[in-house]
2 protein chains.
Amino acid sequence: MSIGFQKNLSKGTSGSLGDQVRDHLRIRILGHEWEAGGKIPGEFELAEQYGVARVTIRTALRSLETQGLIDIRHGSGAYIADFGDSVRAGLQELRSITQTIREMGHKAEMTTRSSEVRKATASEAKDLQIDEGSDVLHIERSITADGSVVVFSYDTFNIAELTPSVMKRMSKGSVFTALDSIRKHPVRARAEIHAISSKEVGWGRDRPRSGLYLHLRQVHYLRNGNPIFTGDTYFVEGKFQFIIHRTV
Amino acid sequence: MSIGFQKNLSKGTSGSLGDQVRDHLRIRILGHEWEAGGKIPGEFELAEQYGVARVTIRTALRSLETQGLIDIRHGSGAYIADFGDSVRAGLQELRSITQTIREMGHKAEMTTRSSEVRKATASEAKDLQIDEGSDVLHIERSITADGSVVVFSYDTFNIAELTPSVMKRMSKGSVFTALDSIRKHPVRARAEIHAISSKEVGWGRDRPRSGLYLHLRQVHYLRNGNPIFTGDTYFVEGKFQFIIHRTV
DNA sequence: CTGCTCTGAGTTGTACTACAACTATAGAGG
DNA sequence: CCTCTATAGTTGTAGTACAACTCAGAGCAG
């Protein structure tokens, strides 16, 4: 039985066949199609399901193994890595925060505090690989899960990579889906992680008393290696469970 | 020209050929054999260098791409991801802390504060998938880089997986190299990340004033899926630069 | 000379086949 | 009941072939 793969998913997915299969398999895994520790179908059967060659399945599985989602055992099969439900909030997967919150079963809302075009600072120019003083778009937002603030973010975009319509979109919804519409979806990010205790970060009456945050200083890159935007994201400690899967 | 691969590296490496090639290529990449953004040899040439099939090279490259070390472009080649030097401290790579410190060019020292066999708590028993009250080995250590404390760690091992000689080794050197000697090297870890401000964590006169730590709550797993040890690792904020590469 | 299109060599992506290496299970034999 | 062995099933590696894509250079039009 074929899944009718390319036709069903040609809109939402992109990249090579192997990448499409990987993304589709990830959805099936996170959707609990197989129980934790359970065995997924063999490579031959998956190849038949998707209507692709076994080598294509293998590239997808290899990627999922490196991400820690599955465990491939020679001569036996591929098994769902037993990490419990928390796998969904994997830090190393570059995904929309709001979307992640929603997939965990909570209600996510985003509020834009300010959005302005200004000149790049020295640090921003260096990260974005542009000249100091070039125009950048700076956005300050907060994200809530089930009504309580979990994230404060300060993002700065290289305006040369954007279009006016995208800039408008970003104030309303997810940054990632907005960038997706002009095929400028970042495929890679480099993040520095810090613990910080500060009263200066958040705003509003819902700002946490403790002032304790997990701070991600990020630079997002396109497939061609160019940086598209940089930002400081502050996760309110205790409100957002951060999981990371470490592999050899 | 062949690298004489299997012979040179059969001691230090393990796993499939693809894993060995991946590990060797990672060393070459981190050793700056190619400049950032530069192109590495083609798959055919690498296959010839290592004396393996192209499909084996591809599995290794695919893994390195998922880890964010390289960027593969269809019809063009594989390029070194331009992240600067900081790639060496990648959080998602499961490696010895002391070894990571040394590779960054600093002097690493480890001090064991205490090492005792006791009964597992409920939480430890759950993480290690053993019965509550089973014997576990609990070790408290601190790690310094260039003389200043960067890490306090509290680790708890499932004693059933250990041998007496390994337990002695672990008090002296790296946990990972000790476990390697009995082929119980963890291949995967699940870590929760927290920001914490506490005076209770560290000890000694070098304990940081701020009490601000990046807290990793980890469970380490063997290839067969069994947990081998769990632990709380506290990184002194500001002393250790944490980098994470996020990919789609 | 400048700028454009097109061609072609080079590279990665996918398909197919074949066999080696390994695993897990069932069954024979003690 | 236990141990060993045979065997079917699965992943790992090799080899070949071609498709899809990239990039630089040749060639042409202006």
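On a predicted model such as this, the values are computed, not experimentally measured, just so you know. Per chain, numbering begins at 1; letters A, B, ... match sequence-line order.
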| A:Leu46 has an atom CG; how far is it from atom C1' of D:dT10, in whole Å? | 12 Å
| field | Passing candidate, side chain to side chain donor-acceptor pair (under 3.5 Å) with B:Thr230, options B:Arg217, B:His220, B:Gln218 | value | B:Arg217
| task | Would you kindly give the CZ-to-P distance between B:Arg58 and D:dA14, to the nearest whole Å? | result | 15 Å
| field | A:Thr56 vs C:dA15: side-chain N/O to OP1/OP2 distance below 4.0 Å | value | yes
| 4.5 Å side-chain heavy-atom contact, B:Ser96 and B:Val175 | no
| message | Against the six-membered ring of A:Phe44, is A:Arg54 placed for a cation-pi contact (under 6.0 Å from the centre, within 45° of the normal)? | response | yes
| request: Look at the side chain of A:Arg73 against the base of D:dG12 and say whether a donor-acceptor pair falls under 3.5 Å; ignore hydrogens and angles. | output: no
| query | Where does the angle between the aromatic ring planes of B:Tyr154 and B:His138 fall among parallel (under 30°), tilted (30 to 60°) and perpendicular (over 60°)? | reply | tilted
| field | Whole-Å distance separating the CD atom of A:Glu43 from the C1' atom of C:dC22 | value | 13 Å
| note | Against the side chain of A:Phe44, the closest entry in D:dG12, C:dG13, D:dT11 is D:dT11
| field | Euclidean distance, atom CD of residue A:Glu48 to atom P of C:dT14 [Å, nearest integer] | value | 19 Å
| query | Among C:dT14, C:dG13, C:dT11, which is the nearest nucleotide to the side chain of A:Leu17? | reply | C:dT14
| query | When you measure from the side chain of A:Lys39, which nucleotide among D:dT13, C:dC22, D:dT10 comes out closest? | reply | D:dT10
| field | Euclidean distance, atom CZ of residue B:Arg62 to atom C1' of D:dG12 [Å, nearest integer] | value | 17 Å
| said: What verdict does the ring pair (Phe, Tyr, Trp, His ring centres under 6.0 Å) test give for A:His24 and A:Tyr50, after you've listed the backbone C-alpha separation in whole Å, the side-chain angles of each residue and the deciding distance to 0.1 Å? | reply: CA-CA 10 Å; A:His24 193 255; A:Tyr50 285 98; 5.4 Å; yes
| request: Provide, to the nearest angstrom, the distance between the CG atom belonging to B:Asp19 and the C1' atom belonging to D:dT11. | output: 12 Å
| Length of the line joining B:Tyr79:OH and C:dT11:C1', which is rounded to integer Å | 9 Å
| remark: Between CZ of B:Arg54 and P of C:dC16 the distance, given in whole Å, is 16 Å
| query | Which nucleotide in the list D:dT11, C:dT12, C:dA15 gets nearest to the side chain of A:Val52? | reply | C:dA15
| Selected nucleotide, minimal atom distance to B:His74 side chain, candidates C:dA21, C:dT14, D:dC21 | D:dC21
